Amino acid sequence: DMGGHDTYMHKEIHEQADAVDRALRGRIDDRFSTVHLGGLNLDARDARAVRRVKILGCGTSYHAGQIGAQMIEELARIPADAEPASEFRYRNPVVDPDTLYIAVSQSGETYDVLAAVQELKRKGARVLGLVNVVGSAIARETDGGIYVHAGPEVCVVSTKCFTNMVVSFGLLALHLGRTRDLSVADGKRIIEGLRKLPGQIEEILANEAQIEELAKEYAEAKSMMFIGRVRGYPVAREASLKLKEVSYIHAEAYPASELKHGPLALIEPAMPTVAIVPDDELLEKNRAALEEIKARSGRILAVAHQEQEKADHTIVVPKNEDELDAILMGIPLQLFAYYTAKAMGRDIDKPRNLAKSVTVE
Ligand code: M6R
């Protein structure tokens with residue numbers, strides 16, 4: 001039942017405030033400015049013994065893992081990175097006993113992720129799951145984990161589950177941080193930021209009409225560039241994947257800092273750029289990148305916390321804590337992908353050549 005929506009994608013985009021609310025429910029501990037994650041199976045001593053975090057997933061779940069790795073580094077100061085599960089499993093990785101491995105998956109059935117988990121377990125590693133489907137294969141094979149509680153996701157293209165994965169990583173980063181050096185004051189600040197998310201998601205979705213207009217305009221492009229820096233880069237990658245999947249428009253994501261090392265050669269009026277521009281310590285650097293694009297007559301659509309003078313259009317999103325901004329900045333671009341695909345008459349819930357869960361190699 002699509003409850004008045006024309007597609008599951010549209011319905012699921014609109015379910016995100018409720019979904020995030022569910023991910024937070026019952027987990028926040030105001031007394032100690034931390035969160036409780038029941039199924040984690042990692043006591044404070046284990047948490048303090050973690051020397052590295054390695055996050056594994058595919059597609060959108062891998063992108064959620066990239067944001068998660070940044071949050072864990074920032075809030076818990078543990079070196080962390082994400083890698084596609086398929087790459088990891090084919091390169092005979094060094095499996096380290098002091099590393100905490102985290103497998104991320106909506107379905108909990110993705111074969112490459114499951115195979116990576118099994119290989120890690122065989123080598124004696126500690127593996128947690130960050131999974132949506134309760135009781136799925138990956139949830140069963142891991143030593144513990146976090147359910148992301150996004151609810152059933154029907155559209156082949158992941159939206160609300162991505163958001164809940166990133167929120168769940170925020171919870172995990174806060175939890176790990178508070179077993180280490182994150183202060184009570186910073187813990188409080190992050191909790192306040194998390195609590196603001198559902199309301200801020202509603203604000204973003206209330207801006208739907210502007211996004212629809214922009215999508216119609218940009219749907220004429222043959223190709224689009226997505227850029228971001230540090231926190232904005234995985235957001236750019238995910239937005240680029242979303243657009244490709246549903247509209248079949250070619251899109252590339254690059255770190256804004258890499259533009260002048262090659263992709264700037266592609267910039268011209270027919271190649272629009274979508275730029276993620278958070279109001280954080282990198283704002284001026286991002287503005288400089290917009291200027292470089294403008295100087296080559298590139299069209300720019302910015303997603304930012306305030307109007308960007310150099311951009312042709314800005315989608316303004318509400319500001320949260322710097323460490324949590326990545327959770328919100330991709331949401332308008334889910335709608336952008338949806339409306340672009342709609343303008344092009346695509347089969348939005350079932351893009352060609354794709355399946356909801358990839359249970360083969
Ligand atoms: O079920 P999973 O999260 O393990 O699936 C991973 C990818 O196949 C999935 O995210 C894919 O990239 C989606 N089509 C993204 O919209």
Side-chain angles (χ1 to χ4, degrees), residues 7-13 15-16 19 23 55-69 82-89 101-120 127-142 145-169 226 234-249 251 253 330-331 333-338 340-341 346-361:
T7 53
Y8 280 104
M9 183 178 186
H10 192 263
K11 175 173 183 263
E12 287 160 4
I13 289 173
E15 285 170 344
Q16 292 180 105
I55 301 169
L56 303 166
C58 298
T60 287
S61 299
Y62 160 56
H63 294 153
Q66 285 195 303
I67 297 174
E83 186 177 341
S86 47
E87 286 289 291
F88 177 81
R89 112 184 157 81
Y101 295 87
I102 305 176
V104 194
S105 177
Q106 188 288 127
S107 61
E109 306 290 342
T110 300
Y111 185 77
D112 278 322
V113 184
L114 181 61
V117 169
Q118 288 167 338
E119 178 70 359
L120 282 165
V127 193
L128 299 182
L130 200 131
V131 171
N132 192 40
V133 177
V134 175
S136 55
I138 294 166
R140 280 183 277 118
E141 294 263 351
T142 42
I146 306 175
Y147 280 121
V148 306
H149 294 311
E153 194 179 64
V154 178
C155 179
V156 165
V157 163
S158 182
T159 53
K160 65 171 178 172
C161 193
F162 170 79
T163 300
N164 269 37
M165 282 172 175
V166 183
V167 169
S168 302
F169 273 118
F226 286 76
V235 176
R237 294 189 76 183
E238 173 55 14
S240 154
L241 175 64
K242 220 83 297 175
L243 184 73
K244 282 191 266 254
E245 286 187 290
V246 283
S247 73
Y248 316 149
I249 292 177
I331 292 178
L333 296 172
Q334 298 173 346
L335 281 173
F336 180 76
Y338 164 81
T340 305
R346 302 302 193 207
D347 187 355
I348 293 177
D349 282 339
K350 286 192 170 44
R352 68 186 181 202
N353 312 341
L354 301 179
K356 182 66 180 162
S357 68
V358 184
T359 52
V360 292
E361 267 184 277

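For ligands, and for the atoms within them, numbers begin at 1 and follow the listed sequence. What you see is a predicted model; the values in this text were computed from it and never measured.
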Taking non-hydrogen atoms within less than 4.0 Å of ligand 1, which protein residues qualify?
C58, G59, T60, S61, S105, Q106, S107, T110, V156, V157, S158, K242, E245
Reference residue M165; test side-chain contact (heavy atoms from CB on, under 4.5 Å); the match among V148, N132, T60
V148
Give a yes or no on whether the backbone of A116 and the side-chain of E119 come within a donor-acceptor separation of less than 3.5 Å.
no
Results of side chain to side chain contact (heavy atoms under 4.5 Å, CB included) for T7 - residues two or more places apart only:
M9, H10, Y338, I348, D349
For G59 and L241, which heavy atoms make the closest approach, and how far apart are they?
C-CD2, 4.1 Å
Flag, side chain of Q334 to backbone of K242, donor-acceptor distance under 3.5 Å
no
So, K160 side chain and A150 main chain: donor-acceptor pair closer than 3.5 Å or not?
yes
